[in-house]
Amino acid sequence: MGCCTGRCTLIFICTLQMLAALERQIFDFLGYQWAPILGNFLHIIVVILGLFGTIQYRPRYIVVYTIWTAFWVAWNVFVICFYLEVGGLSKDTDLMTFNISIHRSWWREHGPGCLRKVVPAPASSNLGDHSFISVTDCIIEFQYLEVIHSAVQILLSLIGFVYACYVISVFTDEEDSCRHK
């Protein structure tokens, strides 16, 4: 196989997926978003498996990667629906943190151009050391940043799916031609 083959392209796509997932994982950790952290972790493992299968000519590993991409696309469609509040979902729920904390997306307070102002809680309230945070002047709202992240993941997964199917086909054709000689 030459260097500009489907195999090399799949390696490149998997590498891009890995970088995008690692970037997303970092920001999900900063926002204590436990559901996306778990999903990203599984995605990283399966992408590594897909890379290994592609480099080592193991079509079964690439099949696992291919099946996972379908689940990954579905998860990211859910995330888009969640942040755009489609179908009764609300971005203001604790769903992404498994209802164990009140944290939200890190981008909510730290988006591009956002001015974050901490307002102390009134003395009459019983909030302990909690404070109110006012965020203004964001260039792009946090939910759209999350949607962009998910859309990039979907795009990379769909391209990866197509190339993985092609590479599986090539690998199995090569195996069949070697067996019949």
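- Although no hydrogens or angles enter the test, the distance criterion places no donor-acceptor pair under 3.5 Å between the side chain of Ser150 and the main chain of Val147.
- Remark: Glu85 pairs with Lys91 by the salt bridge (Lys or Arg N to Asp or Glu O under 4.0 Å) rule, at least two apart or across chains.
- Checked by atom type, the side-chain pair Gln25/His43 shows no donor-acceptor distance below 3.5 Å.
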Can you give each donor-acceptor pair under 3.5 Å made by side-chain atoms of residues 151-164, sequence neighbours left out, with the distance rounded to 0.1 Å?
| from | atom 1 | to | atom 2 | distance (Å) |
| --- | --- | --- | --- | --- |
| Gln153 | OE1 | Trp72 | NE1 | 3.0 |
| Ser157 | OG | Gln17 | NE2 | 3.2 |
| Ser157 | OG | Gln153 | O | 3.0 |

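- Clustering of Ile, Leu, Val, Met, Phe, Trp and Tyr by side-chain heavy atoms under 4.5 Å joins Phe41 with Ile45.
- Arg24 meets the salt bridge (Lys or Arg N to Asp or Glu O under 4.0 Å) test with no other residue; sequence neighbours excluded.
- Applying the disulfide bond (SG atoms under 2.5 Å apart) rule to pairs touching residues 53-89 yields nothing, sequence neighbours excluded.
- Ile26 is connected to Ile44 through a chain of hydrophobic side-chain contacts under 4.5 Å among Ile, Leu, Val, Met, Phe, Trp and Tyr, so both are in one cluster.
- At most 12 heavy atoms of other shown residues, nucleotides or ligands fall within 6.0 angstrom of atom CZ in Phe12.
- Within a 6.0 Å radius of CZ in Phe78, more than 12 heavy atoms belonging to other residues, nucleotides or ligands are found.
- Residues passing the side-chain hydrogen bond (donor to acceptor under 3.5 Å, both in side chains) test with Asp28 are Asn40, sequence neighbours excluded.
- Sorted by first and then second residue, the disulfide bond (SG atoms under 2.5 Å apart) pairs with a member in residues 24-55 form an empty list; sequence neighbours excluded.
- Between Phe171 and Tyr57, the ring planes are tilted. Angles from 30° to 60° get that label.
- Every residue was checked against the side-chain hydrogen bond (donor to acceptor under 3.5 Å, both in side chains) condition with Thr54, not counting sequence neighbours, and none meets it.
- With His110 contributing its side chain and Trp106 its backbone, the two residues share a donor-acceptor pair below 3.5 Å.
- For Ala35, the side chain to side chain contact (heavy atoms under 4.5 Å, CB included) partners at least two apart in sequence or on another chain are Trp75, Met96, Phe98.
- Taking the side-chain hydrogen bond (donor to acceptor under 3.5 Å, both in side chains) definition, one finds that Ser105 meets it with Glu146, sequence neighbours left out.
- Shown here are the side chain to side chain contact (heavy atoms under 4.5 Å, CB included) partners of Ile140, two or more places apart in sequence or in another chain: Pro112, Tyr144, Leu145, Ile148.
- Residues passing the side-chain hydrogen bond (donor to acceptor under 3.5 Å, both in side chains) test with Arg116, sequence neighbours excluded: Glu109.
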